[in-house]
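The model shown is predicted, which means the values in this text are computed figures rather than measured ones. Both ligands and their constituent atoms are indexed starting at 1 by order of listing.
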Amino acid sequence: MKKILVLHTGGTISMHEDQDGDVETGLNNPLIDVKMAIPNVDLTVESIFNLPSEHIGPEHMLQLQRRILAAENEFDGVVITHGTDTLEETSFFLDSTLSVDFPIVMTGAMRSSNELGSDGLYNYHSALRVASHENSRNRGVLVVMNDEIHAARFVTKTHTTNVATFGSPISGTMGLLTKRQIIFFYDLPKRLVLPVAHVQKSIPVLKAYAGMDGQLLELLATANIDGMVIEALGAGNLSKEAATGVHYLLSRNIPVVIVSRSFNGVAEPVYDYLGGGVQLERDGVIFATSINGQKARLKLLIGLDNQLNNHDLHDYLHQL
Ligand code: ASP
């Protein structure tokens, strides 16, 4: 018998549509009363929050992380239901800060409980299947939706409304659920997991664009921020003016992390001219490999909380 802890946090999977077609949250999470029967699985169900995922931030993620750590010796796996808007961030935070070998599986829904074609209970059932499967151990945090398994490290929400919203553009889908099987296609390279104690840091994320000037960056340099993430152009480049703004931030010892605003691919220094990635790196920016802006922000937060020195912070953000 596998003992699985279910933590409900809210999101569309716990919401319902009213008569005008607007989707709303009820006072209590209705999933608490759903009886899910999986052979040889014993469920303990808790409603840790009942929040749309836009209301979930690093403090909630830390609370979830602590609940999972406390469950380590008592359970064989954890399932978390969560709103899809920030699911990739919570999954990435947990993946980056928890080194437990049991499966941690997150899921959600794109259609609320009483909508035609609601995917909530199906995804919940799928997540329980994956969490109770022996092959799911030691894989970090997994995201299960729409018959697919994704690694928290690479998964992102790709569509506003489609039930097939989660994808892993860089690595590809990690596995599949079929009627009778759970199939994993690959293992991920080992990752450095760091603890985290405090999550109150000011780390804005800014998207680069053609003609971007340095004004906002210079303003931010005087606004007491702890760090900055820029979704740069292409492989990791900026306009000349933005590069000057970045220089200003760096001169004030504010770490600047570069990812790409492109949906797919890895950011790395390639171009050697003003604003090009090579010169940005020479100036001291940190290239975060293969993660998007919202994940780089969490990684910088964790690195800063661990007081990594400049060299280690570069290495930490650079690793896959
Ligand atoms: N806005 C919702 C949320 O993230 C979307 C969802 O759950 O699908 O809470």
Side-chain angles (χ1 to χ4, degrees), residues 6-34 36 45-65 67-68 78-96 104-128 130-131 141-169 173 177 199 205 263 291-295 297-298:
V6 178
L7 300 172
H8 293 305
T9 72
T12 297
I13 192 166
S14 307
M15 297 182 191
H16 60 273
E17 200 179 65
D18 68 13
Q19 64 249 44
D20 299 322
D22 298 335
V23 179
E24 52 189 31
T25 306
L27 268 186
N28 300 309
N29 194 324
L31 287 176
I32 279 286
D33 300 320
V34 169
M36 263 312 171
V45 180
E46 296 175 12
S47 173
I48 184 161
F49 330 114
N50 187 26
L51 295 172
S53 76
E54 301 84 354
H55 297 187
I56 286 184
E59 290 287 355
H60 301 93
M61 298 175 195
L62 191 58
Q63 215 176 309
L64 267 171
Q65 191 243 35
R67 179 66 192 98
I68 294 167
V78 176
V79 165
I80 302 167
T81 67
H82 195 285
T84 61
D85 286 351
T86 63
L87 191 149
E88 69 187 84
E89 279 151 278
T90 300
S91 68
F92 186 79
F93 179 91
L94 296 176
D95 191 62
S96 306
I104 301 168
V105 180
M106 294 192 62
T107 194
M110 295 302 287
R111 298 182 186 137
S112 64
S113 56
N114 57 341
E115 280 179 66
L116 201 58
S118 168
D119 52 335
L121 292 185
Y122 186 83
N123 286 334
Y124 181 21
H125 186 264
S126 299
L128 290 170
V130 173
V141 177
L142 301 172
V143 173
V144 169
M145 293 265 297
N146 199 41
D147 283 337
E148 292 185 352
I149 307 170
H150 295 269
R153 244 184 283 181
F154 296 108
V155 74
T156 191
K157 187 172 182 177
T158 67
H159 197 285
T160 50
T161 52
N162 197 307
V163 292
T165 185
F166 282 100
S168 302
T173 306
L177 292 96
V199 291
V205 181
F263 170 69
I291 49 176
N292 58 25
Q294 55 271 32
K295 289 183 183 180
R297 178 185 182 280
L298 290 170

Student: Just jot down the ligand 1 atoms closer than 4.0 angstrom to any heavy atom of Pro52, in number order.
Tutor: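 With Pro52 as reference, the close atoms of ligand 1 come out as 9 (O).
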Student: Is there side-chain contact between Leu87 and Ser53, with at least one heavy-atom pair below 4.5 Å?
Tutor: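 No, every pair of side-chain atoms sits at 4.5 Å or beyond.
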Student: Give a yes or no on whether the backbone of Arg111 and the side-chain of Asp119 come within a donor-acceptor separation of less than 3.5 Å.
Tutor: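 It does hold such a pair.
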Student: Write out the residue and atom name of the closest protein heavy atom to atom 3 (C) of ligand 1, then the distance separating them to 0.1 Å.
Tutor: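 For atom 3 (C) of ligand 1, the nearest protein heavy atom is Ser53 OG, 3.4 Å.
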Student: Would the Phe93 and His60 ring centres measure less than 6.0 Å apart?
Tutor: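 Between Phe93 and His60, the centre distance exceeds or equals 6.0 Å.
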Student: Does either side chain, that of Glu115 or that of Ser112, offer a donor lying less than 3.5 Å from an acceptor on the other one?
Tutor: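 Result is yes, a qualifying pair exists.
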Student: Out of all atoms in ligand 1, which are within 4.0 Å of some heavy atom of Ala109? Include the element for each.
Tutor: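 So the atoms of ligand 1 that pass are 6 (C), 7 (O), 8 (O).
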Student: Got the closest protein heavy atom to atom 8 (O) of ligand 1, with its distance?
Tutor: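 Answer for atom 8 (O) of ligand 1: Thr84 OG1, 2.5 Å.
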Student: Under 4.0 Å from a heavy atom of Glu54: which atoms of ligand 1 are those, numbered in the order shown and with their elements?
Tutor: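 The list of qualifying atoms is 1 (N), 2 (C), 3 (C), 4 (O), 9 (O).
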Student: Starting from atom 5 (C) of ligand 1, find the nearest protein heavy-atom neighbour and note its residue, name and distance.
Tutor: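 For atom 5 (C) of ligand 1, the nearest protein heavy atom is Thr12 OG1, 3.2 Å.
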Student: State the atoms of ligand 1, each with its element, that fall below the 4.0 Å cut-off from a heavy-atom position in Gly11.
Tutor: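 Matching atoms, with element in brackets: 7 (O), 9 (O).
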Student: Is any side-chain heavy atom of Ser126 closer than 4.5 Å to a side-chain heavy atom of Thr107?
Tutor: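 With C-beta onward as the side chain, the pair stays apart.
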Student: List in chain and number order the residues that pass salt bridge (Lys or Arg N to Asp or Glu O under 4.0 Å) with Glu24, two or more places apart in sequence or in another chain; answer none if no residue qualifies.
Tutor: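 Expected list: none.
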